[in-house]
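Worksheet: one structure, shown below.
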2 protein chains.
Amino acid sequence: MTATATHTRSTRKQHIYEAAATLFRDKGYNATSMRDLALSVGIEPSSLYSHIKSKEELLSGICFDCGQQFLDGVRAIISDQSTIEDQLRQLIFLHVKIAQDDITSMTVFNDEWRHITEPELSLFLRMRKKYEDDCMVIINSGMDEGVFRNIDSHVVLNAIINSTQWIQRSKRMLSKETGVLGNQISDLILNGLLQDNN
Amino acid sequence: MTATATHTRSTRKQHIYEAAATLFRDKGYNATSMRDLALSVGIEPSSLYSHIKSKEELLSGICFDCGQQFLDGVRAIISDQSTIEDQLRQLIFLHVKIAQDDITSMTVFNDEWRHITEPELSLFLRMRKKYEDDCMVIINSGMDEGVFRNIDSHVVLNAIINSTQWIQRSKRMLSKETGVLGNQISDLILNGLLQDNN
DNA sequence: CCTACCGATCGGTAGG
DNA sequence: CCTACCGATCGGTAGG
């Protein structure tokens with residue numbers, strides 16, 4: 001629904017966004033120059049400005065798009081009426097899937113968002129907070145129902161979010177099947193590392 | 001043991017390193033100018049070069065120091081002869097402690113190391129790899145002994161490393177007592193989120 | 001530790 | 001989409 005949402009971009013604009021996401025991922029936002037980007041797209045640096053307003057617009061556009069993917073995902077999970085354990089599994093799968101499929105957006109979303117400036121920064125942080133709150137609903141429900149143990153919910157939230165964040169940097173994990181990897185991470189978080197001593 | 005190890009720095013040099021670590025943490029390496037740093041230290045930009053060789057030296061120095069802390073820590077854990085479960089707990093405590101105590105170095109170590117250039121970059125990556133290998137020794141021993149369940153050890157390693165990484169960005173977690181927070185994270189990773197159904 | 005200064009590079013604009 | 005170009009800022013050096 002944002003002004004820069006994917007489906008409203010022309011093909012060329014889309015191409016520029018994807019090249020920018022790749023460069024931001026590899027070199028970081030500040031280390032990527034508009035000349036780097038132009039070279040990667042195959043036009044002169046000044047020609048970029050026929051398609052985009054500024055370098056900053058690229059960054060915030062990428063971050064908002066990725067954030068929207070997470071928001072849509074968690075809302076679909078909450079509204080479908082599975083068991084709480086299953087919802088937590090789905091939440092982990094959502095993270096694994098986005099990390100594997102949308103690798104350029106994901107790294108920028110995780111690492112480079114802090115270079116967004118106001119007023120977009122506040123909007124972005126609000127979006128991120130809304131997402132975390134939605135995740136918290138699942139975690140807290142599980143504790144209320146007695147399905148989950150009573151651990152500081154912030155610790156749990158961050159364990160989930162961060163246990164999938166490194167995937168994007170590991171070739172080994174990117175090529176792993178989403179279902180297998182998702183189950184391994186879910187299993188670790190839900191059942192723990194210790195062998196059951198029955 | 002590195003040439004830039006903390007104990008070999010003069011007080012002024014030390015002051016510059018700490019100011020740099022804080023700025024790199026807050027704005028990122030590329031967005032921090034030597035003029036920013038000079039202002040923070042209270043001298044003219046060019047005067048910085050009486051104490052340090054280059055901006056890059058600051059970055060790699062900070063990263064190597066933090067890496068050394070981790071290496072020393074994990075080696076102490078391995079060489080002391082506790083149970084495997086206890087060693088894993090100590091490993092998580094090590095991460096919590098460094099994240100809470102050495103907050104400026106830690107963020108730079110986690111986020112900004114990729115701006116190190118060769119030949120230091122290779123050295124840094126080798127150091128990081130050595131640390132991960134040491135951690136793997138603990139995880140794999142636990143699985144061999146049958147104490148830990150058989151989960152992809154890379155998944156486990158990253159869950160541990162990343163489950164403590166976010167601490168540095170949370171005021172709430174920085175002010176929490178190390179022992180309490182360390183136990184909560186250890187408990188989650190060792191026993192899982194699910195309530196035992198006895 | 002300072003003044004003075006350098007070449008390189010930056011994001012972006014004018015005008016077509 | 002290009003040529004030509006701008007003011008600002010960068011990391012770093014010379015010389016004292």
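Order of the sequence lines sets the chain letters (A, B, ...), proteins ahead of strands, with each chain counted from 1.
Less than 4.0 Å separates DNA chain C from at least one heavy atom of each of the following residues of residues 28-46 of chain B: B:Ile43, B:Glu44, B:Ser46.
Remark: DNA chain C forms stems of 3 or more consecutive Watson-Crick or G-U wobble pairs, all pair distances under 3.5 Å, at C:1-16 with D:1-16.
Without hydrogens or angle criteria, B:Thr107 side chain to B:Thr104 main chain gives a donor-acceptor distance under 3.5 Å. Without hydrogens or angle criteria, B:Lys55 side chain to B:Tyr29 main chain gives a donor-acceptor distance under 3.5 Å. In terms of modelled atom types and a separation under 3.5 Å, the side chain of B:Lys97 and the main chain of B:Gly182 share no donor-acceptor contact.
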- Task: Test A:Asn183 against A:Ser186 for side chain to side chain donor-acceptor pair (under 3.5 Å), laying out the working first.
- Result: CA-CA 5 Å; A:Asn183 272 322; A:Ser186 301; 5.1 Å; no
- Message: Between B:Asp65 and B:Gln69, is the side chain to side chain donor-acceptor pair (under 3.5 Å) condition met? List the steps.
- Response: CA-CA 6 Å; B:Asp65 275 2; B:Gln69 280 189 68; over 6 Å; no
Which donor-acceptor pairs under 3.5 Å do side chains of residues 130-139 of chain B form with protein atoms, sequence neighbours excluded?
{"residue": "B:Tyr131", "atom": "OH", "partner": "B:His95", "partner atom": "NE2", "Å": "2.6"}
{"residue": "B:Asp133", "atom": "OD1", "partner": "B:Lys129", "partner atom": "NZ", "Å": "3.1"}
{"residue": "B:Asp133", "atom": "OD2", "partner": "B:Lys129", "partner atom": "NZ", "Å": "3.3"}
{"residue": "B:Asp134", "atom": "OD2", "partner": "B:Arg75", "partner atom": "NE", "Å": "3.1"}

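What separates OH of A:Tyr49 from C1' of C:dG16 is a distance of 19 Å, to the nearest Å. One can place NE2 of B:His51 at 16 Å from C1' of D:dG12, the figure rounded to the nearest angstrom. For the pair B:Leu59 CG and D:dG12 C1', the interatomic distance rounds to 17 Å; values are reported in whole Å. Look at NZ on A:Lys55: it is 8 Å from P on C:dG12, rounded to the nearest Å. For A:Glu57 and C:dG12, the CD to P distance is 10 Å, given to the nearest whole Å. One interatomic measurement links the two molecules: NE2 of A:His15 to C1' of D:dC1, which rounds to 15 Å at whole-angstrom precision. Whole-Å rounding puts the A:Lys27 NZ to C:dT9 P distance at 12 Å. For A:Ile16 and C:dG11, the CD1 to P distance is 15 Å, given to the nearest whole Å.
Judged by atom type and distance alone, B:Ser47 does not reach the base of C:dC2 through any side-chain donor-acceptor pair under 3.5 Å.
Cation-pi geometry between B:Arg128 and B:Phe109 is met: under 6.0 angstrom from the ring centre, within 45 degrees of the axis.
Across all their heavy atoms, A:Leu23 and A:Ser40 have their closest contact at CD1-CB, 4.2 Å.
For CD of B:Glu118, the number of neighbouring non-hydrogen atoms (other residues, nucleotides, ligands) closer than 6.0 Å is greater than 12.
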